[in-house]
Amino acid sequence: MTTDIVTPSLPGEEIVAPSGRPARVPGTGSGMVWRTVRYGLLIAFVIIMLMPLYVLVVTSFKNGSDIGVNGQWNLPTSWTLKSWDKAWERLHDSFLRTFELAIPVALISSFVGAANGFVLSRWRFPGADVVFTLILFGMFIPYQAIMIPLGDVLNETSIQKGIPRLILVHVIYGLPICTLIFRNYYATTVPVEMIEAANVDGAGLLRTFRSIVLPLSLPGFVVTIIWQFTSSWNDYLFAIFLSNTRNGPITIALNALAGAQSPDYAASMAGALITSLPTLVVYILLGRWFIGGLMAGSVKS
Amino acid sequence: MPRRLRQWGPGLLLLSPSLIVLAVFVYGLIGWTVNLSLQDKHNALPSEGFVGLDNYTNLFTNDISDRFTHSLRNLAVFTVVFIVGTLVMGVLWAVLLERGARAEGLFRTIYLFPMAVSFVASGVVWRWLMNSGTGDNAGGLNVIFSGLHLGFLENRWWTDPNWGMAAMALPAIWQLSGYIMALFLAGFRGIPHELREAAVMDGASTFQLYRQVLFPQLTPVALSALIILGHMSMKMFDLIMSVSGPQYLTEVPSVYIWQMLLTNDQAKAAAIAVFLLLVVAVVIVPYLVYVNRAEKRS
Amino acid sequence: MRLKTRVAVAAVAVGTLLASAACTTSDNSGSTPKNVEVFTWWADGGEKAGLDGLVDQFKKDCSQYTFVNGAVAGGAGSNAKTVLAQRLTQSDPPDTFQAHAGAELTDYINAGQIEDLSQEYKDWGLTNAFPSGLISNLTVNGKIYSVPANIHRANVLWGNKTVLASAGITQNATTLDGFFADLDKLKAKNVTPLALGKDWTQLMLFESVLIADLGADKFTGLWNGSTPWNGADVTKAIGDFSKLLTYTNKDTRDTYDWTDAEKLIMTNKAGYQLMGDWEAADLDAKAFKDYNYTVFPGNTGTYQWLADSFVLPKGAKNAEGTKCWLKTVGSAAGQQAFNTKKGSIPARTDAVASAFPAYQQSAIGDWKSLKQVPSCAHGSACSQSMQGAFNTAMGKFSSDGNATALQSALATAASQFIKK
């Protein structure tokens, strides 16, 4: 089945050319010149991509009059952890709270997405494709279009303000993409025959899902967990509408720190680094499987 | 009949919580917002009545300082530069890496890591990088430019009244080019080996190989990328709030909505939001239908 | 490394981060009936110093309640106002919040979000303590809704003495023409003649020019509908304002907050800045002494006022605590503690001038004798919606310089938002 929507989905193996290692592709006659140009470009881009990180790190260790827009490229004359202390003091409450947000969101979205994806790909019903399209549309809407009544609707429920509401909201609006990921995943890795065999053995939907499909799903979970964790950790729009600095996630606290009238720039930069730390850790450790997933999304079978 | 039901009933049942929730929180709320946009409700008091499409027409004809059309122009500039920039960078990196390279994993990780960062966090540093001082007053990238003797590149970045939004797209390009690279890398790896070998046998040069054999195969990937980038651009909010804060120069519809909610002008905010949704829908809906049909065909 | 191992490593890493954060988490106490959450945008500098002074007094007068600082930083209140708007619509008001007295309050009054304080005014004797002009400005339909903590002056021109002396400026100009001549001298010395920031700071500058060109009465008329915005005098003012803009920091004026423009003055890179008198407190807090001040050229005889005030929101969780806070705010001791540190002057008429620093002493005298005019940028003349429309128009003008478009935009906004 051709999956033309090229968004995260996968089988989970590392992407390799059919023969094994990333082989040399024939007919490309790479001479020394081209190779130098190629690596030169790659390295130049690495430098460009890391420039913002450099300014962030360097400023966060600066002291006093070193700190300022006009000297931003210079190394500190004296290194200090003062700004890191200040940033951590201002951010640690929301840092912990944001874990309370991101982890449940990642886990719940993944399980529900897996169930949905399974039904839509291997336990289909009449109109499944239309239903899937309707679900998918929810991924594309600008959230401002539902933001105004969302607050009112949530006020009707008894869900506590702040993190609990945000968990609900992120799970709901993360359903389309998690469903998409798993639907494509199961479509390419779970053979129809496997399900049919289970049927013949008398297994129902839940049984099949639990004992046959779920064990195969770890790569899919990696992608959805990473995606939803990052998405809820980094979100700002829902956070400012549905929470505040005292009960909200770290993006709000960071914005308060960095948006002051005479902002403490060094602390803001340290704060930006602190805010980015967990998602960066997740990407660096698990990024390979995530990239594999993204890349496998358009494999035509 | 009951047997068929037993077959697909459970699936539908398992799916139903999601369906109900999305029906309410996506379609239901959109309906509510559409209704709100048709009301005369511009403060915290209840609506003063139904006004049809007035809120919409007022956006275009009656907006003080032509604020809405200005925000649309900003959005257009931003979107075009963002999409072109990300595609160019992403495809370039994919081309550089797709034939395998030393330390490919490291390059890919570095190009991809900005995706993990929040716009609120990256805005903190991009504000400095795009500092608008020039010459002696230069900060950020302007200093680098003059250091590299590229002084002509020094500019006012996002404070430029005409092309400021192009500069605003830079952090977004930085953040998302890696994603496009990954999409195209996958695309390249999905092209059958035999196709390349055949082209080479036929005497195609590298340039011809890419132009006439490989890139045409990647059209679906490019289309996907276009759609995803386009809708992300419409929704862009955190970045602009973080770099410039809400102000006229960089106002886009999503920020305009925020400003209207400050003074409880809910109907106007709703009208802008629905308009934004329509723009997105005009592109997304045909795409989804096309994908649906393509899948049915295969 | 196998996937499963990697997942395990990630889980351990996350777990460690969580644990370390948990160990340093402070007790996050919610709002209890003993707390009074005070919502302001006074998060740094001289403004925070003033708040601290007020809090000290509150601790003495209302020791049975605990002060909770709900300050939200950023942009002279725009971040705070946004957060506040949401909290009010979500029926989660703070125990009290800071709002500019005057027209800016009408939005809250009309929406039924704040309580009538007329009875408290009588109980606490405030009707006699505040000047009658101020009381009538604060009264809406016979009711009074806020307690002003201070009076600020908006149309003050601050100068860097060293920079001015080196440009040969010995006396501050009193007319616009004289001012332009001085600005030329500064330009010749390669400093920024007039430091300017973004948004509402530009509106402030424009208002000062309007006062100079229209005079106090016609200026006040602009805000109650009696002076037309499309008149020739406004056109002249726009022309003068346009000329002033050529003396400003063109590259950075749309990115600077007022404190960034202030920094230009403090680092001898600019000669003048128009700003409200909270600048005095901020300069003092930053230990910069080399400044002088004068009323903006052409504004002699006027006192452009704004007042920070506190209100009692409907549905506040601790109404009694809030009332104790409001009483402190309106008391002589409270106003003294607050204002000596904030650069403003007490709203009360019984203020002891000698207790205040130099600038405030002259301001107290001026407040009693000069003609009072309101300020749009700071809410005494304009509602928030009108401010929004005006700020947009000013932002547009700063980038395209189109004077006719500016004038018609202002006229349209005025007709839309001024309810006669």
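Below, read A as the first sequence line, B as the second, and so on, with proteins coming before strands; counting in each chain starts at 1.
In this structure, the portion of C/Q416 lying under 4.5 Å from any heavy atom of chain B is its side chain and not its backbone. Contact annotation for C/D254: both backbone and side-chain heavy atoms come within less than 4.5 Å of a heavy atom of chain B. The contact between C/K250 and chain B is made by backbone and side chain atoms together, counting heavy-atom distances below 4.5 Å.
Interface check for chain B: of the options C/T412, C/T255, C/L406, the most heavy-atom pairs under 4.5 Å are formed by C/T255.
Around atom NZ of B/K235, more than 12 heavy atoms belonging to other residues, nucleotides or ligands sit under 6.0 Å away. Heavy-atom neighbours of C/K187 NZ from other residues, nucleotides or ligands within 6.0 Å: above the threshold of 12.
Rounding to the nearest 0.5 Å places CD1 of B/I64 at 5.0 Å from CZ of C/F417. To the nearest 0.5 angstrom, C/S385 atom OG is 11.5 Å from B/Q259 atom CD.
Interface residues of residues 388-398 of chain C toward chain B, defined by a heavy-atom distance below 4.5 Å and sorted by number: C/G388, C/A389, C/T392, C/A393, C/G395, C/K396.
With a 4.5 Å cut-off on side-chain heavy atoms, C/D400 and B/P161 do not count as touching.
Counting all heavy atoms, side chain and backbone alike, C/S399 lies closest to B/L249 at CB-CD2, 3.9 Å.
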